[in-house]
Each structure stands twice: as C-alpha cells, then as structure tokens.
Protein chains: 2
Amino acid sequence: MLLLFLQEITFMDLVDRFQIPVLEAIALRNPQATQLGQRIIEGSILLINELGFEQFTFKKLALSVGTTEASVYRYFSSKQKLLLYLINWYWGRLECRLLLQTQGGNPKERLVKALELLLVPQPTSLSFTNEKRLQRIVIHEASKVFLTKAVDTDHQTGFHSIYLQIVHYICDLVRAYQPNCKYPEMLVTTLLEGSLQQRFFGQHLPEVTNASEQEDAVAVFYTQLFFSYLDHE
Amino acid sequence: MLLLFLQEITFMDLVDRFQIPVLEAIALRNPQATQLGQRIIEGSILLINELGFEQFTFKKLALSVGTTEASVYRYFSSKQKLLLYLINWYWGRLECRLLLQTQGGNPKERLVKALELLLVPQPTSLSFTNEKRLQRIVIHEASKVFLTKAVDTDHQTGFHSIYLQIVHYICDLVRAYQPNCKYPEMLVTTLLEGSLQQRFFGQHLPEVTNASEQEDAVAVFYTQLFFSYLDHE
DNA sequence: TAGTTAAGAATAGTGTTGCTATTATTTTTG
DNA sequence: CAAAAATAATAGCAACACTATTCTTAACTA
C-alpha cells in the first residue's frame with residue numbers, strides 16, 4: 001500500500017519531469033527555467049483559452065503577466081511557436097504515459113490500454129483547472145499547428161516528431177495484434193484526430209455528434225470502431 | 001446516347017445553378033451577380049491557394065483582381081466570411097449531388113453511392129484547375145470555419161446549415177440500413193472530416209497516413225471502416 | 001430628357017498587430 | 001568586484017483588418 005503510494009508519486013513525477021528535446025528546439029530559451037518563462041506559459045494557457053488563438057497576442061499576454069512584448073519574444077519567436085510548444089508538451093506527456101503503461105500483457109491488452117490513454121482524459125499533477133484548460137486548447141487549437149503554410153518546414157525541422165512517434169508506436173501495437181492490417185496509420189490518426197474533433201463538436205455543434213449524449217460516448221464509439229475494423233478481416 | 005448526353009449537361013447545370021440560400025446570408029452582395037464579384041471569387045480561390053488563408057489579405061486580393069480593398073469589403077465583411085462562402089459553396093454542390101444521385105435503390109446501395117460521392121473527388125463543370133484549387137482549399141482551410149471564437153454565433157445564424165443537412169441526410173441513410181446503430185453522427189463526421197484530414201496528411205505528413213500509397217486508399221479505407229462498424233453488430 | 005436613386009469604386013484614413021533595434025537594468029560568474 | 005550574460009523597457013515600423021467619406025457611373029422614372 002505504501003509502495004503503491006510511492007509508485008504513484010514517482011509516476012506522476014516521471015510524466016511531469018519527462019524531458020522533451022523537441023520543446024527546446026521550439027523555444028528560444030527554456031521557459032521552465034526562469035520565473036518569467038513559467039509565468040509566460042501559465043499566462044498563455046489562460047489567455048488562449050479566454051480569447052482563442054486568433055485574438056491572442058503577445059502584447060495582451062505581456063500585459064496579463066506583467067512584462068513587455070519584447071520580453072516574450074525572447075522566449076518564443078512567434079505565437080505559433082508558443083502554441084506548438086504547448087501542444088507538444090501535451091503530446092509529450094501522452095507519449096510518456098503510453099511508454100510506461102503499455103508495457104505488460106498480450107497485444108490486445110496493450111492496445112486496449114493505449115486506446116484508454118488516448119480517449120479518456122488522464123489526471124495529472126498539474127492543477128485541475130490548468131489541466132482542463134490545456135485540454136481545451138488541444139481540442140480547439142491543436143489542428144492549427146498543422147494547418148499552416150509552414151507545415152512542411154516545421155515537419156522537416158522535426159517539430160512534429162513527438163506526434164509521429166506516438167502514431168508510430170500505436171501502429172506497432174496494431175501490427176502486433178493484427179499483422180494483416182493494411183492501413184494502420186490511417187486507423188490510428190482517424191482515432192487521434194477524430195476523438196478531439198468529436199469533443200469539439202460536442203461543445204459547439206452537438207447536432208453532428210453523439211459526444212454530448214453520454215460521458216464516455218467518444219471513447220466507447222472509437223473503441224468499437226477500432227476493433228470492429230481490426231477484427232473484421 | 002443523345003439522351004444520356006443531354007442528361008449529363010442538364011445534371012452539371014443543376015449542380016452549378018443550385019441556389020444556396022446560406023450563401024446570400026454570408027455575403028453582403030451576391031458576388032455571382034456582378035462581374036467584379038465573380039473576379040473576387042475567382043481571384044480568392046487562386047490567392048488563398050497560393051498564400052494560405054493566414055497570409056491571404058483583401059489588399060492582396062484587390063491588387064490581384066484589379067480593384068481596391070474597400071470594394072472587396074462591399075461583398076464580404078471579413079476574410080473569414082469569404083472563406084465561409086467558398087466552403088459552403090463546395091458543401092452546397094456536394095449536397096446537391098447527394099440529393100440527386102442517391103434516390104434509387106435499397107439502403108445499402110444508396111449508402112455506397114453516398115460514400116462514393118463523399119470520398120472520391122467529383123468532376124464538375126468548373127474548369128479542371130479551378131476545381132482542383134477549390135478542393136485544395138477545402139482540404140487545407142475548411143476546419144478553420146469551425147475552429148474560431150465565432151463558431152457558436154455562426155452556428156446560431158445558420159452559417160453551417162448545409163454541413164448539418166449533409167450529416168443529417170447521410171445519418172438517415174445509415175439508420176435506414178442499420179436501425180440499431182447507436183452513434184450515426186459520430187460515424188458520419190468521422191468519415192467526412194477524417195477523409196479530408198488524411199488527404200492533408202498525404203501531402204504534408206505522409207508518415208502518419210497511408211493515403212499516398214495508392215490513389216484510392218482513402219476511399220477504400222473509410223468504406224471498409226464504415227461497413228465493418230455497421231455490419232459488426 | 002432631366003432628375004432621382006443606388007450600386008460600384010477610390011481616397012484616405014484609424015487602430016491594432018507582429019516584430020525589431022536600441023538602450024537600460026539586473027543577475028551570474030570568473 | 002568587475003566583466004559578461006541574461007533580462008527588461010522604450011520606442012518605433014510596416015503591415016493588417018476594417019471604416020468613413022466622397023466620387024463616378026449606370027439604371028430607372030416622372
């Protein structure tokens with residue numbers, strides 16, 4: 001019991017302290033290393049949530065965390081980079097959980113665990129409200145790091161490498177479970193992106209989803225979809 | 001043979017002349033009704049393709065079609081509205097095709113036809129290159145009409161009604177085929193949005209999709225996914 | 001046919017955004 | 001403690017989204 005408790009602490013710690021090399025390439029300085037940097041991250045999560053990414057500016061951010069626009073530019077060369085940083089932070093923690101929590105068991109069990117981690121919002125040691133806000137940003141803004149003129153150069157620079165790793169890792173689990181699967185990548189990204197989109201629809205266009213009907217509708221639907229496709233052949 | 005030819009012409013005509021009430025609410029004036037309006041539409045398709053929506057401005061558009069920024073604002077109150085117009089134009093023509101081409105047959109046949117219309121790019125009477133460009137805009141920019149702070153008011157105003165109608169129509173086909181299906185809306189939007197996203201990945205992040213492997217991979221995958229889910233229960 | 005109206009276009013703005021160069025201040029470290 | 005490095009503040013610029021106002025031309029009408 002005590003051991004379990006200690007493991008819990010250690011695990012939370014691991015996920016949060018997990019070093020993500022990509023993040024250092026995205027930011028000009030490491031914002032976690034200074035007090036101002038941390039205020040910038042905290043403040044940006046609050047403000048992007050409040051205003052939406054389009055209305056969010058470094059000037060407004062600077063005002064809200066008590067600094068100047070130019071100082072924010074010393075950490076991030078653009079607001080797009082800041083968003084990329086936040087999104088990668090989120091994916092980085094998901095990847096960490098995936099690697100730690102899908103080690104044991106047979107292929108099916110590992111897949112089921114992976115789907116749970118993807119589809120069910122996970123608790124963290126971040127403050128509850130901050131975690132909710134970051135999830136809201138992922139749901140509302142994550143696609144915007146792809147849907148930009150800079151995708152190709154961002155991709156070349158490796159800014160999306162964590163996302164690629166996650167997709168690749170789950171595809172390997174899929175192939176271990178069902179070696180005949182012809183389109184594992186499509187299946188996995190359909191799940192990843194689709195589940196986020198359904199949560200967006202649930203909040204804003206409830207007519208085109210069933211996400212608002214039950215708490216776990218998204219997880220249930222995509223798990224069924226996933227395995228009925230894999231078990232069909 | 002002659003009759004078939006005439007029918008072809010009439011059909012093309014129908015799709016293109018199809019009146020879309022939403023479009024009139026989105027634009028300040030009907031751009032199809034004046035020569036300048038048509039140049040604005042044509043020019044915006046070219047320029048959004050070239051620059052991406054973020055870099056696209058009314059000033060650049062005005063320059064490229066030989067008018068002034070203020071004149072463009074007499075047709076569209078913002079560049080977001082112009083994008084909404086283009087995307088709704090695309091959905092409008094898809095809806096028209098759906099209504100015309102999925103009338104006969106049993107539920108299964110109607111569903112198969114509907115999926116084909118959704119998943120396989122359709123020829124039109126627009127110039128081939130212009131049609132390609134509009135499809136590229138839908139793939140790269142369509143989500144941006146949802147992912148904005150104005151979703152809720154846009155939705156209330158009915159700016160997304162064509163999209164809702166399409167989803168609703170196909171959901172009815174799904175229910176006719178498989179009355180027990182618990183999550184038809186999720187299934188249909190997963191297909192609609194997923195297929196666009198896979199084409200985006202195919203062009204920019206080929207590692208996370210199988211869309212680039214064969215010409216028809218997207219259509220094949222989503223058709224399989226769709227029916228293995230519906231036939232599973 | 002002269003007069004009224006309205007659509008269309010041009011001019012010239014306003015306020016905001018994204019970003020940078022420069023200078024000043026604080027903190028770190030040899 | 002002094003030099004170097006990190007951090008912050010000032011001020012500014014070009015571009016952007018959008019608007020108010022005026023001018024021009026075409027269309028209808030008495």
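Within every chain, numbering begins at 1; the chains are lettered A, B, ... in the order of the sequence lines, protein sequences first and strands thereafter.
- Atoms CZ (B:Phe58) and C1' (D:dA15) sit 16 Å apart, rounded to a whole Å.
- Under the 6.0 Å cut-off for aromatic ring centres, A:His204 and A:Phe200 qualify, their centroids lying closer than that.
- With the nearest nucleotide of DNA chain C identified for both B:Thr67 and A:Glu54, B:Thr67 has the one nearer the 5' end.
- For CD of A:Gln55, the number of neighbouring non-hydrogen atoms (other residues, nucleotides, ligands) closer than 6.0 Å is 12 at most.
- By the 4.0 Å N-to-carboxylate-O rule, B:Glu116 lies too far from B:Arg97 to be salt-bridged with it.
- Put simply, the residue from A:Gln122, A:Arg93, A:Arg136 that forms a side chain to side chain donor-acceptor pair (under 3.5 Å) with A:Glu131 is A:Arg93.
- Rounded to an integer number of Å, the gap from CD of B:Gln35 to C1' of C:dA9 is 13 Å.
- Rounded to whole angstrom, the span from the CD atom of B:Glu69 across to the P atom of C:dA9 amounts to 15 Å.
- Following rounding to the nearest Å, B:Leu28 (CG) and C:dG8 (P) show an atom-to-atom distance of 11 Å.
- For DNA chain D, the residues of residues 70-79 of chain A within the heavy-atom distance limit of 4.0 Å (strictly under) are A:Ala70, A:Ser71, A:Arg74, sorted by number.
- Residue A:Thr57 places its side chain closer to C:dG18 than to any other of D:dA17, C:dG18, D:dA9.
- Of the two residues contacting DNA chain C, namely A:Lys59 and B:Thr34, the nearest-nucleotide position lying further toward the 5' end is that of B:Thr34.
- The side chain of B:Thr68 sits closest to C:dA10 out of C:dA10, D:dA17, C:dT17.
- Going from atom CZ of A:Phe53 over to atom C1' of C:dT17 covers 13 Å, rounded to whole Å.
- Aromatic ring centres of A:Phe76 and A:Phe58: separated by at least 6.0 Å.
- Between the P atom of D:dA14 and the NZ atom of B:Lys60 lies a distance of 16 Å, rounded to the nearest Å.
- The interatomic distance linking B:Leu36 (CG) with D:dA26 (P) rounds to 14 Å, in whole Å.
- To the nearest 0.5 Å, the span separating OH on B:Tyr75 from OG1 on B:Thr34 amounts to 2.5 Å.
- The CD atom of A:Gln55 sits 13 Å away from the C1' atom of D:dC16 (whole-angstrom rounding).
- B:Lys149 has its side chain out of reach of A:Phe56: every pair of non-hydrogen atoms, C-beta onward, lies at least 4.5 Å apart.
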